[in-house]
Novice: 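Next up is a structure, given as structure tokens.
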Amino acid sequence: MIFDYPNRRKERRHGPAEYASYKSYRPWLRDEFDFRCVYCLKRETWGQVTGEFELDHFEPQSINPQRQRDYFNLLYSCRRCNSVKRDQTVGDPLRLLHSENVATLPDGSLQTQHVNSRRLILQLDLNSPRLNLWRVMWMRIVALAAERDADLHEQLVGFPNDVPDLSKLRPPTNNRKEGITESCFSRRQSGNLPKVY
Ligand SMILES: [Zn+2]
């Protein structure tokens, strides 16, 4: 289901470091977060341009400038969520959303019994009527496509065509080089990337 938060591995698969600009981490973050917003799960493939997704500083730059170029402080976020978050200090979405804590109901709302997950949902306004309607709309579109148009379905919930070839990138250092073999590009090349996710 497109709005089920995945249970993520605790560890990130990539570990590039020491880029001069945090913007250089973009291809790594696209792959790390499966080309969708860490907060609301909006997918790149649903928008017009890839670049509209933003690199969110989990600890805001204004609060902790030392972590401005720290890969492990960066999250892949849609413009809506990044602009709602702004300089708020929030709980870690990888722990509070990407877990079994949160369920998406058929009416598009997010449900959780966990107080910290609920706080994060509130801070990011993830249960607004508009967002719930938006989830229902996409669930219906994807269900219709699954029923009637396999190509369209694959386009809506498959990986983008331009998954980055991370093996070609040269970050100053990379502490998790082995992660490249788990990247979408490598998995697509070896025939192990699922058609939809
Ligand atoms: Zn979002």
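Treat the numbers as computed from the prediction; the structure is a model and nothing was measured. One is the number of the first residue; the rest follow in order along the sequence. Both counts, for ligands and for their atoms, begin at 1 and track the order of listing.
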Novice: Rounded at 0.5 Å granularity, tell me how far OG in Ser99 sits from CG in Leu94.
Specialist: 10.0 Å
Novice: With the Zn ion (ligand 1) as the centre, enumerate protein N/O/S atoms below 2.8 Å in chain and residue order.
Specialist: Cys37 SG, Cys40 SG, Cys78 SG, Cys81 SG
Novice: With a 4.0 Å cut-off on N to O distance, would you call Lys42 and Glu52 a salt bridge?
Specialist: yes
Novice: With a 4.0 Å cut-off on N to O distance, would you call Asp162 and Arg30 a salt bridge?
Specialist: yes
Novice: Going by distance alone, is a donor N or O of one side chain under 3.5 Å from an acceptor N or O of the other, for Glu18 and Tyr71?
Specialist: no
Novice: Please determine whether a side-chain nitrogen of the Lys or Arg among Arg13 and Glu182 lies less than 4.0 Å from a carboxylate oxygen of the Asp or Glu.
Specialist: no
Novice: Just jot down the ring-ring contact (aromatic ring centres under 6.0 Å, His included) partners of Tyr22, sequence neighbours excluded, or say none.
Specialist: His57
